[in-house]
Amino acid sequence: MSAVRAGIAGVMLPTDFPSLDHALPVLWERVRKLPVREAHRDFIRICIGPGGGQGIATCLSRNDSWSVTLYVGEMTDWTSHLITITTTAPQP
């Protein structure tokens, strides 16, 4: 897979990585420390956590981008943060 740019709005600035395999552990490390509700955390873990990423790789191969909204906080007091991953042109 080609290089990717990944970020989490309000949490992690978009960063270039040599591959999706390099980006996912960094994203997961940032997310796993946040107060995300358990059910939503399970979904995000399946997407970007250890052993995840196959669905994202498929999306990137078709559309060059993938995104999901991360909801942080409690049911009545939360913020949303868009997680984005896009393919980037290979670096010379």
Side-chain angles (χ1 to χ4, degrees):
M1 171 158 297
S2 60
V4 299
R5 175 170 287 159
I8 306 170
V11 175
M12 181 182 122
L13 291 173
T15 305
D16 292 332
F17 295 91
S19 70
L20 183 60
D21 290 339
H22 288 88
L24 292 179
V26 174
L27 290 171
W28 178 243
E29 187 62 26
R30 295 293 181 103
V31 168
R32 71 181 195 87
K33 297 176 183 178
L34 298 173
V36 178
R37 286 186 305 232
E38 186 175 344
H40 189 59
R41 177 178 299 280
D42 290 344
F43 170 73
I44 297 297
R45 181 186 50 75
I46 289 167
C47 293
I48 66 171
Q54 185 58 40
I56 296 171
T58 300
C59 287
L60 292 175
S61 71
R62 293 179 184 161
N63 302 320
D64 296 325
S65 68
W66 176 88
S67 65
V68 66
T69 302
L70 173 68
Y71 297 98
V72 177
E74 299 299 322
M75 189 68 103
T76 59
D77 183 27
W78 54 269
T79 57
S80 62
H81 305 269
L82 189 63
I83 300 173
T84 58
I85 302 174
T86 58
T87 56
T88 60
Q91 301 297 322

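Quick caveat, the model's predicted, so the values are computed rather than measured. All residue numbers refer to positions in the sequence shown, counting from 1.
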Can you give me every donor-acceptor pair (side chain of residues 31-39, partner residue at least two apart or in another chain, under 3.5 Å) with its distance?
{"unit_1": "Arg32", "atom_1": "NE", "unit_2": "Glu29", "atom_2": "OE1", "d": "3.0"}
{"unit_1": "Arg32", "atom_1": "NH2", "unit_2": "Glu29", "atom_2": "OE2", "d": "3.4"}
{"unit_1": "Lys33", "atom_1": "NZ", "unit_2": "Glu29", "atom_2": "OE2", "d": "3.2"}

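- Between the CD1 atom of Ile83 and the OG1 atom of Thr69 there is a distance of 8.5 Å, given to the nearest 0.5 Å.
- The line from OG of Ser67 to CD1 of Ile8 is 12.5 Å long, rounded to the nearest 0.5 Å.
- With values rounded to the nearest 0.5 angstrom, Arg45 atom CZ is found 11.0 Å from Ile48 atom CD1.
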### Task
Apply the test side chain to side chain contact (heavy atoms under 4.5 Å, CB included) to residues Phe17 and Val26: give CA-CA distance (whole Å), side-chain angles for both, the deciding distance (0.1 Å), then the verdict.
CA-CA 10 Å; Phe17 295 91; Val26 174; 3.7 Å; yes
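- In this structure Asp64 satisfies the side chain to side chain donor-acceptor pair (under 3.5 Å) test together with Thr87, sequence neighbours excluded.
- Evaluation of the side chain to side chain donor-acceptor pair (under 3.5 Å) rule for His22 yields Ser19 as partners, not counting sequence neighbours.
- Looking at every heavy atom in both residues, Val68 comes nearest to Leu82 through O-CD1, 3.5 Å.
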### Query
Please walk me through it: do Leu60 and Thr86 pass side chain to side chain contact (heavy atoms under 4.5 Å, CB included)?
CA-CA 7 Å; Leu60 292 175; Thr86 58; 5.5 Å; no
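- Between the side chain of His81 and the backbone N or O of Ala9 there is at least one donor-acceptor pair closer than 3.5 Å.
- With Leu70 as the partner, the side-chain contact (heavy atoms from CB on, under 4.5 Å) test is satisfied by one option alone out of Thr79, Leu27, Ile44: Ile44.
- Note that CZ of Arg41 and CD1 of Ile46 are 13.0 Å apart. Values are rounded to the nearest 0.5 Å.
- With sequence neighbours excluded, no residue satisfies side chain to side chain donor-acceptor pair (under 3.5 Å) with Ser65.
- Here ring pair (Phe, Tyr, Trp, His ring centres under 6.0 Å) pairs that include residues 32-52, with residues two or more places apart or in two chains, are His40-Tyr71.
- In terms of heavy atoms, Leu20 sits closest to Gly53 at CD2-O, 3.8 Å.
- Under a hydrophobic clustering in which Ile, Leu, Val, Met, Phe, Trp and Tyr are joined whenever their side-chain heavy atoms come within less than 4.5 Å, directly or via other members, Trp78 and Val72 fall into different clusters.
- Rounding to the nearest 0.5 angstrom, the gap separating the CZ atom in Arg5 from the CG atom in Asp16 is 4.0 Å.
- A ring pair (Phe, Tyr, Trp, His ring centres under 6.0 Å) check over residues 45-68, counting only residues at least two apart or in different chains, returns nothing.
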